[in-house]
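Reviewing the structure listed below.
Quantities reported herein were computed from a predicted structural model and do not represent experimental measurements. Numbered from 1 within each chain, the chains take letters A, B, ... in sequence-line order.
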There are 2 protein chains.
Amino acid sequence: MKNIKITLSDSEIPEYYLNISYYLKKYLGRLPDSPLNPGTKQPIKGEDLAVIFPMELIKQEVSLEEKITIPEEVRELYKLYRPTPLIRAYRLEKFLDTPARIYYKYEGTSPTGAHKLNTAIAQAYYNKKEGTKTLATETGAGQWGSALALAANFFEMKLVVFMVRVSFDQKPFRKTVMETYGAEVFASPSEKTEFGKKILKAKPDHPGSLGIAISEALETVVKNKGYKYSLGSVLNHVLLHQTVVGLEAKKQMEKIGEYPDIIIGCCGGGSNFAGLAFPFLVDKLKRKKKTRYIGVEPISCPSLTKGQYRYDFGDTACMTPLLKMKTLGSDFIPSPIHAGGLRYHGMAPLISFLYEEKLMEAVAYEQNPVFQAGVDFARCEGIIPAPESSHAIKAAMDEAIKAREEGKKKVILFNLSGHGLLDLNGYDKFLHNQL
Amino acid sequence: MKNIKITLSDSEIPEYYLNISYYLKKYLGRLPDSPLNPGTKQPIKGEDLAVIFPMELIKQEVSLEEKITIPEEVRELYKLYRPTPLIRAYRLEKFLDTPARIYYKYEGTSPTGAHKLNTAIAQAYYNKKEGTKTLATETGAGQWGSALALAANFFEMKLVVFMVRVSFDQKPFRKTVMETYGAEVFASPSEKTEFGKKILKAKPDHPGSLGIAISEALETVVKNKGYKYSLGSVLNHVLLHQTVVGLEAKKQMEKIGEYPDIIIGCCGGGSNFAGLAFPFLVDKLKRKKKTRYIGVEPISCPSLTKGQYRYDFGDTACMTPLLKMKTLGSDFIPSPIHAGGLRYHGMAPLISFLYEEKLMEAVAYEQNPVFQAGVDFARCEGIIPAPESSHAIKAAMDEAIKAREEGKKKVILFNLSGHGLLDLNGYDKFLHNQL
C-alpha cells in the first residue's frame with residue numbers, strides 16, 4: 001500500500017504569521033468584541049497588559065496587519081523540527097472503506113511532541129528581547145509547560161509552571177520533561193500563591209483546573225519583578241503564531257493539487273485548530289471556497305457546543321481581562337478526562353466569534369469513543385495520537401463514514417496536533433476497560 | 001544561533017541495504033567465524049534456522065552480496081518517517097567550548113521513537129511473504145517490542161513479546177504501546193514457557209534479562225506452528241537493515257562537504273552503531289579514510305570492553321546457535337540500569353569482529369554521567385535522548401572536550417538512536433539524586 005508523505009524544505013518554513021483579524025475586517029466587516037478591563041468595563045488598553053506581557057505580544061494581540069514577520073531567530077529554531085509532514089491516511093481510508101481522501105498535518109515531530117512549541121519559541125523570543133528574566137505559566141496535560149520549558153531554557157530564562165493537579169498525578173512524566181529542561185513545576189492548586197492556598201483550604205483534595213492554574217501563574221507574575229506570563233492558547237497572538245501549521249499545510253496540499261472540503265481540529269483553547277484552519281479560512285472569507293470547519297471538543301468540557309457567548313474571565317480568580325468567548329463559566333471544573341489539554345472552561349475569542357458567525361461548526365464526544373479512534377488510528381497509521389488529537393481523529397472518521405454513505409469523494413484534512421507517548425496511562429486504562 | 005538540519009527527500013531513502021561482509025571479504029580478506037550448531041559444533045546450516053526464521057532472512061544472514069535491494073513495500077513504509085534528519089549540534093559545541101563540529105543522526109522521529117523500526121518493518125515484511133502467522137520476540141527497554149508490534153500489525157500478523165521483567169516494571173508504558181498496536185506482552189521470566197517457569201521456581205523475584213527473554217521467545221516459536229522468531233539486534237541481517245541510517249547520513253554529510261573523523265554509537269547488541277557506521281566503514285576498509293569508530297556501553301554490561309571473544313549462546317537457555325562474539329557469558333544478568341536496550345550479555349558477531357580487528361574502539365560509562373550528558377543535551381539541543389543514546393552523547397562530549405584540549409577541529413558524528421520520552425522514570429530519579 002502506498003504511503004504519501006508531503007514534505008517541504010526548510011526554506012519553505014513560513015516567513016510570516018497570518019493575521020485572520022485583517023481578513024475578518026476586510027471581508028466580513030466585523031471583528032470579535034474587544035477584551036474589557038474588569039474594573040472599568042471599557043476596552044482594555046495595551047498598557048493594562050504590560051505587567052504580564054511584553055509590548056510586542058500586546059501589539060500582536062490587537063494588530064490588524066495582514067502578516068507579521070517571523071523573526072529570523074525564531075525561524076531558525078523552527079528549523080529544528082519544521083516543516084512538519086502532511087500525510088495521506090491511506091490505511092485509515094481503507095479501514096473505513098471510504099471514498100474520502102484523508103490527510104493529517106502531523107505536529108508530533110516537535111521535540112516536545114506537539115504543536116505548542118510553535119508559540120512557545122515565539123513568546124520566549126519576544127520576552128527575552130524585552131528583558132524578561134522569569135516566565136510563569138499554567139499547564140493542563142503538560143504539553144504547554146513542556147514546550148515553554150524547552151523554549152525558556154533556549155533563551156536562558158527561568159520558568160515556573162503551575163500544573164493542574166489531576167494531570168500532575170495522571171502524567172507525572174510531563175513534570176520530568178519540564179524539570180529536564182530546567183523548569184520548576186508545582187501541582188495546582190498549590191501553597192505557592194494566596195489563591196492556591198484559599199482553594200486548598202476550602203477543598204484540600206481539589207483536582208485543579210486550568211482556570212485555577214492560570215490564576216496562580218498570574219498572581220506569581222504580578223507579585224514578582226522581572227516576571228512575565230505566557231499562555232499556551234486562547235489569545236489572538238497565540239493563535240497567530242500557530243498559523244505556521246496551516247500555512248505549511250496549504251502549500252503541501254497545493255503541491256499535490258488538493259484542497260480540503262472539511263478541516264478538523266480539536267479545540268481546548270483553540271490554538272491548534274486555528275493554526276491549521278486560519279490560512280484556509282481566508283479563502284472562505286473571500287468566498288472562493290466552501291470548506292466546512294469543524295472544531296471537536298470533549299462532552300465533559302463542551303465550551304463551543306454548550307457554552308454561552310458572553311464576557312467572562314479567562315481564569316478562576318478573575319484576574320484576567322474579561323474575554324468575549326464561548327464559556328462554561330470561569331469557575332467550571334471539568335471532569336478529569338485524559339485529554340487534559342482540552343479541559344478549559346473558555347475558548348479563544350476568535351474561535352468563539354467564528355462559531356457564532358456560523359463560519360465553523362463544533363461537535364463533542366465522550367472519552368471512550370475518542371480513545372477507540374486513537375487505537376484504530378495507531379493500528380492503521382502507526383502513530384499513537386495524543387488523546388486531544390484523537391478528538392479530531394474521531395470527527396474525521398465520522399466525516400469519512402458520512403462520505404462513504406453519501407458516496408462522495410470528500411477531502412478531509414485534520415490536525416494531528418501531537419503524539420500520545422506521554423499519555424499512555426489513558427490508553428492503558430482504555431485497553432483494560434477501566435475508562 | 002544558527003540551526004543546521006540537513007534533510008533528504010523521500011526519493012533519497014536508500015534503495016538497498018549495504019552488506020559489510022562483502023567489503024570485509026574483499027578488503028580485509030577475513031570474515032567473522034560462522035555460527036555453530038551447538039550439537040555438532042559444525043557451522044550452522046541454513047535449514048537449521050528454518051524453524052525460527054524465514055528463508056529470505058537466513059539468506060541475508062550469510063550473504064556476501066554487496067547490496068541487497070530494499071523491497072518496494074518496505075521502502076514505501078519507510079517513507080512514513082524517513083529520511084531522518086542530520087543535525088549540527090551548535091549549542092552543544094558552544095556549551096563545550098569546542099572547535100569540534102558535532103553532528104547527530106536523529107532516529108527518534110520514527111513513530112515508536114527509535115531506530116528499531118528500520119529492521120522491524122523489513123523482518124515483518126519477509127515473514128509475511130513466507131506465510132508467518134505469529135511472531136514471537138523478546139524486548140528489554142521495550143523499544144524493540146514496540147517497533148515490532150507496529151510492524152507486525154501493519155502486516156496483519158500477531159505478535160507475542162517477552163519483556164525483561166525489570167524493564168516491564170520500570171517502563172509500564174512500553175507495554176501499553178505494544179498493546180495499542182495489538183501485541184500480547186508478558187513479563188519475563190514468565191509462566192508461559194517451561195524455561196520461564198524453571199527460572200521463577202529457583203528465584204521468584206528474578207529481574208529477568210534479555211538472554212532469558214530470548215529463550216522464552218524461542219521456546220514459544222519452536223513449540224507452535226506458524227510462529228517465527230524476530231530479533232532486534234545482534235544478527236547480520238538486522239545490522240544489514242540498519243544501514244539505511246548510515247547510507248542516509250553519508251549522503252547528508254556529503255551535501256555539506258563534511259566527513260566524520262569520529263563516529264560514535266551506543267552498543268547493546270550493536271545494530272544502531274552498525275547502521276550508522278558500516279556505510280562509512282567501507283571507506284576505512286578501502287584505506288581512503290582514517291575515521292575512528294567508537295562503540296559505547298554501560299559499565300554494568302561491558303561486553304566489548306570486558307567480555308571474552310569466544311563462542312557463546314545468544315540466550316540463557318542455550319537454544320540459539322553458538323555465536324562467535326564478545327560475551328560476558330549467556331547466564332550474565334546485568335544490573336537493572338535504565339538503559340534497558342544495552343543490557344545484553346553478548347554483542348553482534350560483526351561488531352565483535354571489528355573490535356578484535358582493532359577497526360573500532362569501545363568505551364564504557366557509569367549510569368549517572370550518562371544521564372547528566374542526556375540532561376545537558378536536552379538543555380542544549382531540545383531533544384530529550386533515550387538513556388541508551390545518552391551513552392553515545394557522553395562519548396561524543398568527551399571527544400569534543402579532547403578536541404578542545406588538542407585545539408583540533410574534529411568532525412564528530414553520533415547516532416541519536418532514540419528519544420527518551422518513554423524513559424522519564426530514569427530522568428526523574430536522576431534529577432532527584434536517586435540513581
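- Between chain A and the options B:Thr109, B:Leu117, B:Asp10, heavy-atom pairs under 4.5 Å are most frequent for B:Asp10.
- For chain A, the option among B:Val375, B:Thr112, B:Thr7, B:Asn425 with the highest count of heavy-atom pairs below 4.5 Å is B:Asn425.
- Under the rule for a side-chain contact (heavy atoms from CB on, under 4.5 Å), the partners of A:Glu12 that lie at least two apart in sequence or sit in another chain are A:Leu8, A:Ser9, A:Lys251, A:Lys255.
- Side-chain contact check for B:Arg91 versus A:Phe154: some heavy-atom pair is nearer than 4.5 Å.
- In this structure, the portion of B:Arg82 lying under 4.5 Å from any heavy atom of chain A is its backbone and not its side chain.
- Contact annotation for B:Ile384: both backbone and side-chain heavy atoms come within less than 4.5 Å of a heavy atom of chain A.
- The environment of CD in A:Gln434 is crowded: more than 12 heavy-atom neighbours from other residues, nucleotides or ligands sit within 6.0 Å.
- Aromatic ring pairs are classed by plane angle as parallel below 30°, tilted from 30° to 60° and perpendicular above 60°; the pair B:His419 and A:His419 is parallel.
- Of all the heavy atoms in A:Tyr104 and B:Leu80, the pair that sits closest is OH-CD1, 4.2 Å.
- Considering OH of B:Tyr81 and CD1 of A:Ile383, their distance stands at 12.0 Å, rounded to 0.5 Å.
- Heavy atoms closer than 4.5 Å to chain A are found in the side chain of B:Leu422, but not in its backbone.
- The choice from B:Leu431, B:Leu421, B:Thr180 that makes the most heavy-atom pairs within less than 4.5 Å of chain A is B:Thr180.
- Once rounded to the nearest 0.5 Å, the distance linking CZ of B:Arg174 with CG of A:Leu424 reads 9.0 Å.
- Looking at B:Phe430, neither its backbone nor its side chain comes within 4.5 Å of chain A, counting heavy atoms on both sides.
- Figure legend: cation-pi geometry between A:Arg379 and B:Tyr181 absent, as NZ or CZ is not positioned both under 6.0 Å from the six-membered ring centre and within 45° of its axis.
- In this structure, B:Tyr427 contributes its side chain and A:Thr176 its backbone to no donor-acceptor pair below 3.5 Å.
- The contact between B:Asn153 and chain A is made entirely by side chain atoms (from C-beta outward), counting heavy-atom distances below 4.5 Å.
- When all heavy atoms are compared, the tightest approach of B:His432 to A:Glu179 is CE1-OE1, 3.1 Å.
- Smallest separation of non-hydrogen atoms from A:Pro111 and B:Gly382: CB-O, 3.3 Å.
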